[in-house]
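These notes concern the structure reproduced below.
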There are 2 protein chains.
Amino acid sequence: MERIIELFKERNIRVTPQRVGVMQTLYPSQEHLTVEGIHAKVKPQFPNISLATVYTILELFKEKKLVREIRVRFDRSLYESRVDPHHHFHCTQCGQTYDVDIDLCPTLKKQRIDGHSINDFHGYFYGICRSCRKEKQC
Amino acid sequence: MERIIELFKERNIRVTPQRVGVMQTLYPSQEHLTVEGIHAKVKPQFPNISLATVYTILELFKEKKLVREIRVRFDRSLYESRVDPHHHFHCTQCGQTYDVDIDLCPTLKKQRIDGHSINDFHGYFYGICRSCRKEKQC
DNA sequence: AGCTTGCACAAGAATCATTATCATCTAAAA
DNA sequence: TTTTAGATGATAATGATTCTTGTGCAAGCT
Ligand SMILES: [Mn+2]
Ligand SMILES: [Mn+2]
Ligand SMILES: [Zn+2]
Ligand SMILES: [Zn+2]
């Protein structure tokens, strides 16, 4: 709570209860949430909060580098508060998304590929997660 | 044309003019096209072809591994006929998408990461493409 | 304290990519 | 040629995301 207000002030984000509420659903957890999911999580605290407001707030947070939008799923975006570079694994069975903290070595160090200048790189892995694999073995 | 019919027969895909038309927009070029783009390209040959038909055909081709759907852009899918593993660079200035034929070495060889079993991996690079960079220098 | 101005928010409408429905048509097997 | 499962086109529906607008609050000024 204190930390969140601090983060806002550092970035000149006006502190409002809704913004704090949205940030609390993502920070400091490592969850990857849909907009619907975030909305559902703040609903108890703000019964009237609009879905459009959640979208607007997330857009602001994205610009201010407080959250990251990932598109590991084809159908909708996920949001997370981890903004340091890392990759993602998406289980095609249960739909769960996991962080992948691997250094995909040769590429990240380069600034250029085929003459294109790289600002960002994101690796998406797809497969069956460890939890789903365990269930199968029974 | 002959090659395309051959590809269809190999995979038990019923040969229809519309399917051949859609495949011709992607094969053997290396383009990355939106559904709208594919629809526009086949329109002259099939003035009545429905956008829904293009979606249906692409879905079939995807299942049969004739095309690949990529989601390097957040707003819509792109389709290509290159189905061998490779990655993509997306220019955030002009929106163009390029192939990236780099082996992201350590990860692809592994079958597992953190206990998850990997079936697929895709790297997305974002930045300014060589063509846009040239324009800036003037 | 009252006034002004600019955001922030909620509610709902609008947009736009993608899917689903369904009646009609057709490729290809017999 | 006949038959029939499957393909197509027209259209509606869905669902995520964005836009619009009226209201309300908050900080700065008089
Ligand atoms: Mn993550
Ligand atoms: Mn490609
Ligand atoms: Zn799983
Ligand atoms: Zn470019």
Side-chain angles (χ1 to χ4, degrees), chain A residues 4-5 8-9 11-25 32-64 66-79 95 97, chain B residues 1 4-25 32-64 66-79 95 97:
Chain A
I4 287 174
I5 291 173
F8 286 4
K9 297 223 161 128
R11 277 153 238 252
N12 271 78
I13 297 174
R14 192 181 286 203
V15 178
T16 72
Q18 289 91 338
R19 287 176 180 174
V20 174
V22 167
M23 198 59 196
Q24 279 175 332
T25 69
H32 304 91
L33 295 176
T34 63
V35 178
E36 280 285 0
I38 293 167
H39 186 242
K41 279 202 163 193
V42 291
K43 209 76 197 278
Q45 203 183 347
F46 305 96
N48 296 329
I49 193 168
S50 166
L51 195 54
T53 301
V54 177
Y55 274 103
T56 307
I57 290 175
L58 288 171
E59 195 54 37
L60 171 71
F61 287 175
K62 228 170 58 180
E63 278 166 22
K64 301 289 192 174
L66 277 178
V67 305
R68 181 154 79 135
E69 181 182 3
I70 63 175
R71 200 77 193 201
V72 64
R73 296 175 58 166
F74 276 25
D75 59 342
R76 75 195 63 182
S77 288
L78 298 179
Y79 291 83
T97 297
Chain B
M1 176 72 174
I4 287 173
I5 290 174
E6 215 175 286
L7 287 169
F8 286 4
K9 297 226 161 127
E10 279 169 20
R11 276 154 238 252
N12 271 79
I13 297 174
R14 191 182 285 207
V15 179
T16 72
Q18 289 90 338
R19 286 177 180 172
V20 174
V22 167
M23 199 59 198
Q24 278 176 332
T25 69
H32 304 90
L33 294 176
T34 63
V35 179
E36 281 284 0
I38 293 167
H39 186 241
K41 278 203 163 192
V42 291
K43 209 76 198 275
Q45 203 184 345
F46 304 97
N48 296 329
I49 192 169
S50 167
L51 195 53
T53 300
V54 177
Y55 273 103
T56 307
I57 290 176
L58 288 170
E59 193 55 36
L60 172 70
F61 287 175
K62 226 170 60 181
E63 278 167 22
K64 301 291 191 173
L66 277 178
V67 305
R68 182 154 79 134
E69 181 182 4
I70 65 176
R71 201 75 195 204
V72 67
R73 299 174 57 165
F74 275 26
D75 60 342
R76 73 196 61 188
S77 288
L78 298 178
Y79 291 83
T97 296

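A note on names: the letters A, B, ... follow the listed sequences, proteins ahead of strands, and every chain is numbered from 1. The figures here come from the full heavy-atom set of this structure, side chains too, leaving out hydrogens, waters and symmetry mates.
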Task: Nearest-0.5 Å distance that lies between atom CD1 in I38(A) and atom CG in L33(A) - done: 5.0 Å
Task: Partner set under side chain to side chain contact (heavy atoms under 4.5 Å, CB included) for Q45(B), not counting sequence neighbours - done: Q24(B)
Can you give me the N/O atom pairs linking the protein to nucleotides 24-30 of chain C at distances under 3.5 Å, or say none if there are none?
from, atom 1, to, atom 2, distance (Å)
dA27(C), O3', V15(B), O, 3.1
dA27(C), N3, R14(B), NH1, 3.4
dA28(C), OP1, V15(B), N, 2.9

Open item on the list: If you assign each of R19(B) and E59(A) to its closest nucleotide in DNA chain D, which residue comes earlier from the 5' end?
Closed with: R19(B)
- [ ] Tell me which residues in residues 41-55 of chain B put a heavy atom below 4.0 Å from DNA chain C, sorted by number, or none.
- [x] A52(B), Y55(B)
TODO: Mind calculating the distance between CD1 (I38(A)) and P (dT17(D)) to the nearest angstrom?
DONE: 11 Å
Task: Interatomic distance, R19(A) atom CZ to I4(A) atom CD1 [nearest 0.5 angstrom] - done: 13.5 Å
Open item on the list: Between P on dT18(D) and CD on E36(A), what's the gap in Å once rounded to a whole number?
Closed with: 14 Å
Task: Counterpart residues, side chain to side chain contact (heavy atoms under 4.5 Å, CB included), relative to L7(B) (two or more places apart) - done: R3(B), E10(B), R11(B), Y27(B), L66(B)
Open item on the list: Between E59(A) and K62(A), does any NZ, NE, NH1 or NH2 come within less than 4.0 Å of an OD or OE carboxylate oxygen?
Closed with: yes
TODO: Quickly work out the H39(B) NE2 to dT19(C) P distance and round it to whole Å.
DONE: 16 Å
- [ ] Starting at CZ of R14(A), measure out to CG of L60(A) and round the result to the nearest 0.5 Å.
- [x] 11.5 Å
TODO: Identify, residue by residue, the members of residues 69-79 of chain A with a heavy atom below 4.0 Å from DNA chain C, and return them in order of residue number, or none.
DONE: none
TODO: Supply the atom-to-atom distance F8(A) CZ to M23(A) CE, rounded to the nearest 0.5 angstrom.
DONE: 6.5 Å
Task: side chain to side chain contact (heavy atoms under 4.5 Å, CB included) partners of K43(B), counting only residues at least two apart - done: H39(B), I49(B)
- [ ] Could you state the atom-to-atom distance from CD of Q18(A) to P of dC9(C) in whole Å?
- [x] 5 Å
Open item on the list: If you apply the rule side chain to side chain contact (heavy atoms under 4.5 Å, CB included), what do you find for I5(B) with M1(B), and how did you get there?
Closed with: CA-CA 6 Å; I5(B) 290 174; M1(B) 176 72 174; 4.2 Å; yes
Task: Between dT18(C) (P) and I57(B) (CD1): distance, integer Å - done: 16 Å
Task: E69(B) vs L58(B), side chain to side chain contact (heavy atoms under 4.5 Å, CB included): CA-CA, chis, key distance, verdict - done: CA-CA 9 Å; E69(B) 181 182 4; L58(B) 288 170; over 6 Å; no
- [ ] Quickly work out the F61(A) CZ to dA8(C) C1' distance and round it to whole Å.
- [x] 13 Å
Task: Interatomic spacing from OH in Y79(B) to OG1 in T34(B) - rounded to 0.5 Å - done: 10.0 Å
